[in-house]
Amino acid sequence: MSTARMNRRSVISEAVAPWSDIAQLLRGGEAGTLIPVIIPRHRRRLWWMLPLWLGLFALLMGMMLSLREADSDGAADLAYGTLAGLAYAAGGLLLIIGALWWWRSSIVEIEQGTNGVLTRYGAVTRTLDAGRHYLWHPWSKVDFVVDTATEIPYSAPVMACPTQENVPLRSIEFFLKFRITDAVRFVRTIGAGNFDLVLSSAVQDAIRQRARQMRTERAYDLRGSDVADMQELLNRQLERYGVRITGSNIPDVQLPTQYQQHLATRERVAKERTAYEQEWGLTRKRRIDSLGMDIERAKKVRDARIVEVKAALNNAREQVAQLLEEQETNAQRVRFEIETRGRSGLISAENEARAQRALAKAYRDNRAVLQYELARRRLEVGAELASKAPQPVVVRTDGGSGDTSALSTLLAAQLLPRMTALPAAPTQYFEDGQPDGDDDA
(Lines give C-alpha, C1' and ligand atoms only; values in the text may rest on other atoms or scores of the structure.)
Protein backbone atom coordinates (compact mmCIF):
# COMPACT_ATOMS: atom_id res chain seq x y z
CA MET A 1 0.00 0.00 0.00
CA SER A 2 2.91 2.35 0.79
CA THR A 3 4.39 1.71 -2.66
CA ALA A 4 1.08 2.55 -4.30
CA ARG A 5 0.86 5.68 -2.19
CA MET A 6 4.38 6.72 -3.14
CA ASN A 7 3.81 6.10 -6.84
CA ARG A 8 0.79 8.40 -6.77
CA ARG A 9 1.91 11.84 -7.87
CA SER A 10 -0.10 14.96 -7.17
CA VAL A 11 -1.61 16.63 -10.24
CA ILE A 12 -2.24 20.37 -10.41
CA SER A 13 -4.82 21.59 -12.88
CA GLU A 14 -7.55 24.15 -13.39
CA ALA A 15 -11.24 23.52 -13.85
CA VAL A 16 -14.27 25.22 -15.35
CA ALA A 17 -17.20 25.19 -12.95
CA PRO A 18 -20.24 27.23 -12.02
CA TRP A 19 -20.05 29.62 -9.11
CA SER A 20 -21.86 27.22 -6.83
CA ASP A 21 -19.14 24.52 -7.19
CA ILE A 22 -16.11 26.78 -6.74
CA ALA A 23 -15.79 26.28 -2.98
CA GLN A 24 -16.03 22.49 -3.24
CA LEU A 25 -13.47 22.24 -6.03
CA LEU A 26 -10.96 24.56 -4.34
CA ARG A 27 -11.09 22.66 -1.06
CA GLY A 28 -11.32 19.06 -2.24
CA GLY A 29 -10.50 18.91 -5.93
CA GLU A 30 -11.77 16.10 -8.05
CA ALA A 31 -10.39 12.55 -8.33
CA GLY A 32 -7.19 13.40 -6.39
CA THR A 33 -6.46 16.47 -8.49
CA LEU A 34 -5.31 19.72 -6.91
CA ILE A 35 -7.29 22.64 -8.34
CA PRO A 36 -5.97 26.01 -7.19
CA VAL A 37 -7.55 27.90 -10.14
CA ILE A 38 -11.20 27.89 -11.20
CA ILE A 39 -12.55 29.36 -14.42
CA PRO A 40 -16.13 30.41 -13.56
CA ARG A 41 -18.88 29.42 -15.93
CA HIS A 42 -20.63 32.76 -16.30
CA ARG A 43 -24.37 33.00 -16.26
CA ARG A 44 -24.07 36.61 -17.26
CA ARG A 45 -25.37 37.27 -20.74
CA LEU A 46 -26.58 40.34 -22.56
CA TRP A 47 -30.20 39.18 -22.48
CA TRP A 48 -30.90 41.72 -19.76
CA MET A 49 -30.58 44.39 -22.49
CA LEU A 50 -33.57 42.95 -24.41
CA PRO A 51 -36.22 44.02 -21.84
CA LEU A 52 -34.53 47.41 -21.62
CA TRP A 53 -34.70 47.94 -25.36
CA LEU A 54 -38.24 46.61 -25.49
CA GLY A 55 -39.24 48.93 -22.66
CA LEU A 56 -37.75 51.88 -24.44
CA PHE A 57 -39.54 50.82 -27.63
CA ALA A 58 -42.82 50.52 -25.71
CA LEU A 59 -42.31 53.98 -24.21
CA LEU A 60 -41.64 55.46 -27.63
CA MET A 61 -44.70 53.69 -29.00
CA GLY A 62 -46.75 55.12 -26.14
CA MET A 63 -45.48 58.60 -26.94
CA MET A 64 -46.38 58.17 -30.60
CA LEU A 65 -49.83 56.93 -29.66
CA SER A 66 -50.27 59.90 -27.34
CA LEU A 67 -49.44 62.26 -30.15
CA ARG A 68 -51.84 60.38 -32.43
CA GLU A 69 -54.55 60.67 -29.79
CA ALA A 70 -54.14 64.45 -29.72
CA ASP A 71 -54.85 64.64 -33.43
CA SER A 72 -57.92 62.28 -33.47
CA ASP A 73 -61.53 62.69 -32.20
CA GLY A 74 -64.20 60.41 -30.73
CA ALA A 75 -63.69 56.66 -30.65
CA ALA A 76 -60.21 56.88 -32.24
CA ASP A 77 -59.08 59.15 -29.45
CA LEU A 78 -60.23 56.62 -26.84
CA ALA A 79 -58.53 53.75 -28.66
CA TYR A 80 -55.22 55.60 -29.03
CA GLY A 81 -55.33 56.65 -25.41
CA THR A 82 -55.87 53.08 -24.27
CA LEU A 83 -53.03 51.79 -26.45
CA ALA A 84 -50.74 54.57 -25.24
CA GLY A 85 -51.48 53.67 -21.61
CA LEU A 86 -50.78 50.02 -22.29
CA ALA A 87 -47.55 50.94 -24.10
CA TYR A 88 -46.40 53.09 -21.13
CA ALA A 89 -47.26 50.35 -18.68
CA ALA A 90 -45.48 47.68 -20.72
CA GLY A 91 -42.42 49.93 -21.26
CA GLY A 92 -42.14 50.74 -17.55
CA LEU A 93 -42.52 47.09 -16.60
CA LEU A 94 -39.89 46.03 -19.12
CA LEU A 95 -37.47 48.70 -17.89
CA ILE A 96 -37.91 47.52 -14.31
CA ILE A 97 -37.39 43.90 -15.35
CA GLY A 98 -34.26 44.81 -17.35
CA ALA A 99 -32.82 46.85 -14.47
CA LEU A 100 -33.43 44.06 -11.99
CA TRP A 101 -31.93 41.56 -14.41
CA TRP A 102 -28.88 43.83 -14.90
CA TRP A 103 -28.47 44.29 -11.12
CA ARG A 104 -28.72 40.55 -10.46
CA SER A 105 -26.30 39.59 -13.20
CA SER A 106 -23.72 42.14 -12.02
CA ILE A 107 -23.38 40.54 -8.55
CA VAL A 108 -20.14 38.53 -8.06
CA GLU A 109 -19.32 36.76 -4.77
CA ILE A 110 -15.67 35.81 -4.23
CA GLU A 111 -15.00 32.89 -1.85
CA GLN A 112 -13.04 33.54 1.35
CA GLY A 113 -9.31 32.90 0.87
CA THR A 114 -9.44 33.42 -2.90
CA ASN A 115 -8.89 36.29 -5.31
CA GLY A 116 -10.80 36.97 -8.49
CA VAL A 117 -9.02 38.18 -11.62
CA LEU A 118 -11.22 40.89 -13.20
CA THR A 119 -10.90 41.46 -16.95
CA ARG A 120 -12.45 43.96 -19.33
CA TYR A 121 -12.38 43.29 -23.04
CA GLY A 122 -9.94 40.45 -22.27
CA ALA A 123 -7.41 42.65 -20.40
CA VAL A 124 -6.74 42.19 -16.70
CA THR A 125 -7.79 45.29 -14.78
CA ARG A 126 -7.42 44.30 -11.12
CA THR A 127 -8.00 41.57 -8.57
CA LEU A 128 -11.09 41.22 -6.41
CA ASP A 129 -10.81 40.34 -2.74
CA ALA A 130 -13.17 38.01 -0.92
CA GLY A 131 -16.73 39.26 -0.60
CA ARG A 132 -19.54 40.63 -2.81
CA HIS A 133 -18.72 42.86 -5.75
CA TYR A 134 -20.88 44.58 -8.42
CA LEU A 135 -19.74 44.53 -12.04
CA TRP A 136 -21.86 47.26 -13.66
CA HIS A 137 -19.84 47.32 -16.86
CA PRO A 138 -21.42 44.87 -19.32
CA TRP A 139 -18.06 43.56 -20.61
CA SER A 140 -16.34 43.19 -17.20
CA LYS A 141 -16.11 39.66 -15.88
CA VAL A 142 -14.14 37.41 -13.51
CA ASP A 143 -12.06 35.08 -15.66
CA PHE A 144 -10.24 33.25 -12.84
CA VAL A 145 -10.77 32.54 -9.17
CA VAL A 146 -7.39 31.73 -7.58
CA ASP A 147 -6.85 30.22 -4.12
CA THR A 148 -4.20 32.46 -2.49
CA ALA A 149 -4.68 31.60 1.20
CA THR A 150 -4.48 27.81 1.29
CA GLU A 151 -1.14 26.02 1.54
CA ILE A 152 -1.56 23.41 -1.16
CA PRO A 153 0.15 20.04 -0.45
CA TYR A 154 2.06 18.50 -3.33
CA SER A 155 3.66 15.07 -3.48
CA ALA A 156 6.21 14.27 -6.17
CA PRO A 157 7.88 10.81 -6.06
CA VAL A 158 11.08 10.52 -8.09
CA MET A 159 11.69 7.10 -9.64
CA ALA A 160 15.05 5.45 -10.45
CA CYS A 161 17.10 8.15 -8.81
CA PRO A 162 20.85 7.26 -8.97
CA THR A 163 23.11 7.66 -5.95
CA GLN A 164 26.81 8.51 -5.71
CA GLU A 165 27.72 4.94 -6.71
CA ASN A 166 25.28 5.19 -9.65
CA VAL A 167 22.88 2.76 -7.98
CA PRO A 168 19.27 3.66 -8.92
CA LEU A 169 16.96 3.97 -5.95
CA ARG A 170 13.45 2.71 -6.41
CA SER A 171 11.84 5.99 -5.44
CA ILE A 172 12.24 9.08 -3.30
CA GLU A 173 9.09 10.78 -2.16
CA PHE A 174 9.27 14.55 -1.88
CA PHE A 175 6.49 16.41 -0.14
CA LEU A 176 6.03 20.16 -0.22
CA LYS A 177 3.46 22.85 0.46
CA PHE A 178 3.10 25.91 -1.74
CA ARG A 179 0.94 28.98 -1.80
CA ILE A 180 0.05 31.31 -4.67
CA THR A 181 1.16 34.81 -3.70
CA ASP A 182 0.32 36.67 -6.93
CA ALA A 183 -2.85 35.50 -8.66
CA VAL A 184 -2.44 37.63 -11.80
CA ARG A 185 1.17 36.58 -12.37
CA PHE A 186 0.26 32.92 -11.83
CA VAL A 187 -2.67 32.73 -14.27
CA ARG A 188 -1.12 34.96 -16.93
CA THR A 189 2.46 33.64 -16.78
CA ILE A 190 2.13 29.89 -16.48
CA GLY A 191 -1.31 28.58 -15.51
CA ALA A 192 -2.15 25.60 -13.35
CA GLY A 193 -1.53 22.88 -15.96
CA ASN A 194 1.88 24.15 -17.00
CA PHE A 195 2.83 24.84 -13.37
CA ASP A 196 2.35 21.14 -12.60
CA LEU A 197 4.95 20.21 -15.21
CA VAL A 198 7.36 22.92 -14.15
CA LEU A 199 7.07 22.05 -10.44
CA SER A 200 7.48 18.34 -11.10
CA SER A 201 10.61 18.94 -13.20
CA ALA A 202 12.12 21.30 -10.63
CA VAL A 203 11.48 18.83 -7.80
CA GLN A 204 13.00 15.94 -9.75
CA ASP A 205 16.13 17.98 -10.55
CA ALA A 206 16.55 19.00 -6.92
CA ILE A 207 16.02 15.43 -5.64
CA ARG A 208 18.43 13.92 -8.18
CA GLN A 209 21.11 16.45 -7.26
CA ARG A 210 20.67 15.63 -3.59
CA ALA A 211 20.70 11.85 -4.23
CA ARG A 212 23.93 12.17 -6.26
CA GLN A 213 25.63 13.47 -3.14
CA MET A 214 24.58 10.50 -0.99
CA ARG A 215 26.07 7.05 -0.71
CA THR A 216 23.66 4.17 -1.20
CA GLU A 217 24.22 2.72 2.24
CA ARG A 218 23.24 6.04 3.74
CA ALA A 219 20.25 6.71 1.51
CA TYR A 220 17.85 6.29 4.42
CA ASP A 221 19.45 9.38 5.95
CA LEU A 222 17.49 11.39 3.39
CA ARG A 223 14.32 10.65 5.35
CA GLY A 224 13.54 13.66 7.48
CA SER A 225 16.79 15.38 6.50
CA ASP A 226 17.18 19.13 6.23
CA VAL A 227 15.99 20.29 2.79
CA ALA A 228 16.14 24.03 3.42
CA ASP A 229 18.61 24.50 0.56
CA MET A 230 16.31 22.64 -1.84
CA GLN A 231 13.37 24.75 -0.69
CA GLU A 232 15.35 27.93 -1.26
CA LEU A 233 16.37 26.73 -4.73
CA LEU A 234 12.74 25.95 -5.65
CA ASN A 235 11.61 29.35 -4.34
CA ARG A 236 14.15 31.10 -6.56
CA GLN A 237 12.89 29.13 -9.57
CA LEU A 238 9.18 29.63 -8.87
CA GLU A 239 9.26 33.22 -7.69
CA ARG A 240 8.61 34.57 -11.19
CA TYR A 241 5.36 32.57 -11.31
CA GLY A 242 3.97 34.16 -8.13
CA VAL A 243 4.34 30.94 -6.08
CA ARG A 244 6.21 30.40 -2.80
CA ILE A 245 7.16 27.08 -1.18
CA THR A 246 6.24 27.24 2.52
CA GLY A 247 7.45 23.81 3.63
CA SER A 248 9.11 20.66 2.32
CA ASN A 249 10.53 17.36 3.48
CA ILE A 250 11.45 13.86 2.32
CA PRO A 251 9.07 11.48 4.10
CA ASP A 252 10.23 8.18 2.59
CA VAL A 253 12.96 6.54 0.53
CA GLN A 254 12.69 3.16 -1.20
CA LEU A 255 15.94 1.30 -1.88
CA PRO A 256 16.54 -1.59 -4.26
CA THR A 257 15.68 -5.05 -2.96
CA GLN A 258 19.30 -6.08 -2.45
CA TYR A 259 20.07 -3.00 -0.42
CA GLN A 260 16.84 -3.37 1.49
CA GLN A 261 17.91 -6.85 2.55
CA HIS A 262 21.35 -5.53 3.39
CA LEU A 263 19.87 -2.71 5.42
CA ALA A 264 17.43 -5.12 7.07
CA THR A 265 20.42 -7.19 8.15
CA ARG A 266 22.13 -4.06 9.36
CA GLU A 267 19.03 -3.02 11.26
CA ARG A 268 18.77 -6.48 12.82
CA VAL A 269 22.44 -6.35 13.79
CA ALA A 270 21.93 -2.82 15.09
CA LYS A 271 18.95 -3.98 17.15
CA GLU A 272 20.93 -6.90 18.52
CA ARG A 273 23.78 -4.54 19.25
CA THR A 274 21.37 -2.21 20.99
CA ALA A 275 19.99 -5.14 22.99
CA TYR A 276 23.52 -6.24 23.90
CA GLU A 277 24.42 -2.68 24.81
CA GLN A 278 21.34 -2.43 26.99
CA GLU A 279 22.13 -5.79 28.61
CA TRP A 280 25.73 -4.76 29.10
CA GLY A 281 24.50 -1.44 30.46
CA LEU A 282 22.35 -3.26 33.01
CA THR A 283 25.23 -5.60 33.89
CA ARG A 284 27.61 -2.68 34.18
CA LYS A 285 25.09 -0.84 36.30
CA ARG A 286 24.75 -3.84 38.60
CA ARG A 287 28.52 -4.14 38.80
CA ILE A 288 28.86 -0.44 39.43
CA ASP A 289 26.21 -0.67 42.14
CA SER A 290 28.01 -3.67 43.65
CA LEU A 291 31.31 -1.83 43.47
CA GLY A 292 29.65 1.20 44.98
CA MET A 293 28.35 -0.90 47.85
CA ASP A 294 31.79 -2.43 48.30
CA ILE A 295 33.31 1.01 48.23
CA GLU A 296 30.81 2.25 50.80
CA ARG A 297 31.52 -0.80 52.95
CA ALA A 298 35.25 -0.24 52.56
CA LYS A 299 34.73 3.41 53.46
CA LYS A 300 32.89 2.39 56.61
CA VAL A 301 35.65 -0.08 57.48
CA ARG A 302 38.21 2.59 56.71
CA ASP A 303 36.36 5.09 58.88
CA ALA A 304 36.25 2.52 61.71
CA ARG A 305 39.94 1.85 61.23
CA ILE A 306 40.61 5.57 61.19
CA VAL A 307 38.69 5.93 64.45
CA GLU A 308 40.67 3.08 65.94
CA VAL A 309 43.93 4.55 64.68
CA LYS A 310 42.97 7.95 66.04
CA ALA A 311 42.09 6.35 69.40
CA ALA A 312 45.38 4.44 69.41
CA LEU A 313 47.19 7.62 68.40
CA ASN A 314 45.54 9.55 71.20
CA ASN A 315 46.44 6.74 73.64
CA ALA A 316 50.00 6.72 72.36
CA ARG A 317 50.13 10.49 72.68
CA GLU A 318 48.87 10.22 76.24
CA GLN A 319 51.47 7.54 77.03
CA VAL A 320 54.18 9.58 75.35
CA ALA A 321 53.04 12.65 77.30
CA GLN A 322 53.09 10.60 80.51
CA LEU A 323 56.54 9.23 79.69
CA LEU A 324 57.71 12.72 78.87
CA GLU A 325 56.38 13.95 82.16
CA GLU A 326 58.14 11.06 83.99
CA GLN A 327 61.35 11.68 82.05
CA GLU A 328 61.07 15.37 82.77
CA THR A 329 60.53 14.58 86.47
CA ASN A 330 63.51 12.23 86.46
CA ALA A 331 65.58 14.75 84.59
CA GLN A 332 64.57 17.46 87.05
CA ARG A 333 65.42 15.15 89.96
CA VAL A 334 68.77 14.27 88.39
CA ARG A 335 69.35 17.96 87.70
CA PHE A 336 68.58 18.74 91.32
CA GLU A 337 70.96 15.97 92.46
CA ILE A 338 73.64 17.20 90.09
CA GLU A 339 73.10 20.76 91.26
CA THR A 340 73.23 19.58 94.88
CA ARG A 341 76.40 17.63 94.24
CA GLY A 342 77.84 20.54 92.35
CA ARG A 343 76.98 22.95 95.11
CA SER A 344 78.50 20.54 97.67
CA GLY A 345 81.63 20.09 95.55
CA LEU A 346 81.77 23.84 95.03
CA ILE A 347 81.46 24.51 98.75
CA SER A 348 84.11 21.89 99.56
CA ALA A 349 86.36 23.30 96.82
CA GLU A 350 85.82 26.80 98.19
CA ASN A 351 86.62 25.56 101.70
CA GLU A 352 89.70 23.76 100.45
CA ALA A 353 90.73 26.86 98.53
CA ARG A 354 90.32 28.92 101.70
CA ALA A 355 92.42 26.38 103.60
CA GLN A 356 95.04 26.43 100.89
CA ARG A 357 95.07 30.22 100.94
CA ALA A 358 95.44 30.17 104.74
CA LEU A 359 98.14 27.54 104.47
CA ALA A 360 99.92 29.51 101.79
CA LYS A 361 99.64 32.63 103.90
CA ALA A 362 101.00 30.73 106.89
CA TYR A 363 103.76 29.29 104.74
CA ARG A 364 104.66 32.76 103.52
CA ASP A 365 104.75 34.01 107.06
CA ASN A 366 106.93 31.03 108.19
CA ARG A 367 109.25 31.54 105.25
CA ALA A 368 109.74 35.18 106.09
CA VAL A 369 110.53 34.24 109.66
CA LEU A 370 112.89 31.54 108.47
CA GLN A 371 114.59 33.95 106.08
CA TYR A 372 115.00 36.44 108.92
CA GLU A 373 116.43 33.82 111.20
CA LEU A 374 118.69 32.61 108.43
CA ALA A 375 119.94 36.11 107.76
CA ARG A 376 120.53 36.67 111.51
CA ARG A 377 122.45 33.38 111.78
CA ARG A 378 124.44 34.31 108.68
CA LEU A 379 125.37 37.56 110.31
CA GLU A 380 126.31 35.79 113.47
CA VAL A 381 128.41 33.21 111.59
CA GLY A 382 130.02 35.94 109.53
CA ALA A 383 130.89 37.86 112.67
CA GLU A 384 132.33 34.76 114.29
CA LEU A 385 134.28 33.93 111.13
CA ALA A 386 135.51 37.48 110.87
CA SER A 387 136.80 37.35 114.37
CA LYS A 388 138.70 34.21 113.67
CA ALA A 389 139.94 35.15 110.17
CA PRO A 390 143.68 35.55 109.53
CA GLN A 391 145.25 39.02 109.13
CA PRO A 392 146.07 40.04 105.57
CA VAL A 393 149.71 40.65 104.63
CA VAL A 394 150.53 43.04 101.87
CA VAL A 395 153.56 42.14 99.97
CA ARG A 396 155.01 44.84 97.76
CA THR A 397 157.79 44.40 95.34
CA ASP A 398 160.40 46.88 94.35
CA GLY A 399 159.22 47.16 90.84
CA GLY A 400 157.47 50.33 90.11
CA SER A 401 155.33 48.95 87.36
CA GLY A 402 153.18 46.97 89.75
CA ASP A 403 153.77 43.74 87.85
CA THR A 404 154.81 40.66 89.93
CA SER A 405 156.50 37.67 88.68
CA ALA A 406 155.18 34.25 89.17
CA LEU A 407 158.17 33.21 91.24
CA SER A 408 157.76 35.95 93.72
CA THR A 409 154.16 35.26 94.11
CA LEU A 410 154.79 31.57 94.78
CA LEU A 411 157.38 32.36 97.39
CA ALA A 412 155.15 34.79 99.09
CA ALA A 413 152.42 32.22 99.28
CA GLN A 414 154.68 29.66 100.94
CA LEU A 415 156.26 32.03 103.44
CA LEU A 416 153.26 33.86 104.65
CA PRO A 417 151.75 31.00 106.70
CA ARG A 418 154.92 30.43 108.45
CA MET A 419 155.35 34.01 109.17
CA THR A 420 152.03 34.48 110.74
CA ALA A 421 152.28 31.22 112.74
CA LEU A 422 148.55 31.27 113.11
CA PRO A 423 146.77 28.06 112.49
CA ALA A 424 144.20 28.43 109.79
CA ALA A 425 140.79 27.24 110.76
CA PRO A 426 139.07 25.25 108.10
CA THR A 427 136.07 26.99 106.50
CA GLN A 428 133.14 25.25 104.63
CA TYR A 429 131.03 27.05 101.99
CA PHE A 430 127.60 26.34 100.55
CA GLU A 431 127.19 25.86 96.87
CA ASP A 432 125.88 29.38 96.62
CA GLY A 433 129.07 30.87 98.33
CA GLN A 434 127.43 31.33 101.79
CA PRO A 435 128.79 29.55 104.87
CA ASP A 436 126.93 26.54 106.06
CA GLY A 437 125.33 27.05 109.45
CA ASP A 438 123.52 24.67 111.70
CA ASP A 439 121.15 22.13 110.28
CA ASP A 440 118.21 23.87 111.91
CA ALA A 441 119.10 27.06 110.08
Side-chain angles (χ1 to χ4, degrees), residues 1-15 28-37 150-180 186 189-271:
M1 183 178 295
S2 61
T3 304
R5 179 179 60 82
M6 286 188 58
N7 292 332
R8 185 175 64 249
R9 186 179 70 87
S10 300
V11 178
I12 302 174
S13 66
E14 57 189 14
E30 56 180 8
T33 303
L34 303 176
I35 302 178
V37 179
T150 305
E151 292 184 348
I152 303 171
Y154 183 81
S155 178
V158 181
M159 305 297 176
C161 185
T163 60
Q164 187 176 357
E165 295 88 354
N166 203 23
V167 176
L169 302 177
R170 292 176 60 186
S171 63
I172 300 177
E173 184 178 2
F174 187 76
F175 178 80
L176 59 86
K177 295 183 295 183
F178 69 91
R179 185 169 61 86
I180 300 174
F186 181 78
T189 304
I190 188 169
N194 295 329
F195 178 73
D196 179 66
L197 298 177
V198 171
L199 181 60
S200 177
S201 300
V203 168
Q204 288 194 14
D205 291 341
I207 289 294
R208 292 182 187 279
Q209 290 178 7
R210 174 59 64 87
R212 276 294 185 182
Q213 300 174 1
M214 298 295 296
R215 299 180 63 86
T216 307
E217 59 184 7
R218 301 190 60 184
Y220 275 146
D221 294 343
L222 291 173
R223 294 184 297 185
S225 61
D226 185 15
V227 292
D229 54 342
M230 297 173 60
Q231 181 176 337
E232 184 178 358
L233 176 63
L234 292 175
N235 280 327
R236 288 199 302 266
Q237 294 178 357
L238 303 178
E239 184 179 4
R240 61 178 177 272
Y241 302 130
V243 178
R244 180 169 183 80
I245 307 297
T246 59
S248 59
N249 66 343
I250 300 176
D252 196 9
V253 177
Q254 291 291 333
L255 299 178
T257 305
Q258 181 180 359
Y259 277 94
Q260 284 184 354
Q261 294 176 356
H262 174 64
L263 291 178
T265 304
R266 287 183 58 185
E267 289 179 358
R268 180 175 55 80
V269 172
K271 290 180 180 178

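As the structure is a computational prediction, the values presented were derived from the model and not from experiment.
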Less than 4.5 Å apart, side chain to side chain, heavy atoms only: is that true for [X] and [Y]?
X    : Y    : value
R210 : D229 : yes
I207 : I250 : yes
D252 : R223 : yes
R236 : L233 : yes
I35  : S13  : yes
T163 : M214 : no
F178 : L199 : yes
N166 : R212 : yes

D196 side, atom CG; I190 side, atom CD1 - distance, nearest 0.5 Å: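 With rounding to 0.5 Å, CG (D196) is 9.5 Å from CD1 (I190).
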Flag if over 12 foreign heavy atoms under 6.0 Å of CD, E239: no
Pairing of E267 and K271 as salt bridge, 4.0 angstrom limit: no
Validation row, ring centre F195 to ring centre Y154 under 6.0 Å: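 Judged by ring-centre distance (under 6.0 Å), F195 and Y154 do not meet the cut-off.
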Set of residues satisfying salt bridge (charged side-chain N to carboxylate O under 4.0 Å, His left out) with respect to R208, sequence neighbours excluded: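 Per chain and number, R208 pairs via salt bridge (charged side-chain N to carboxylate O under 4.0 Å, His left out) with no residue.
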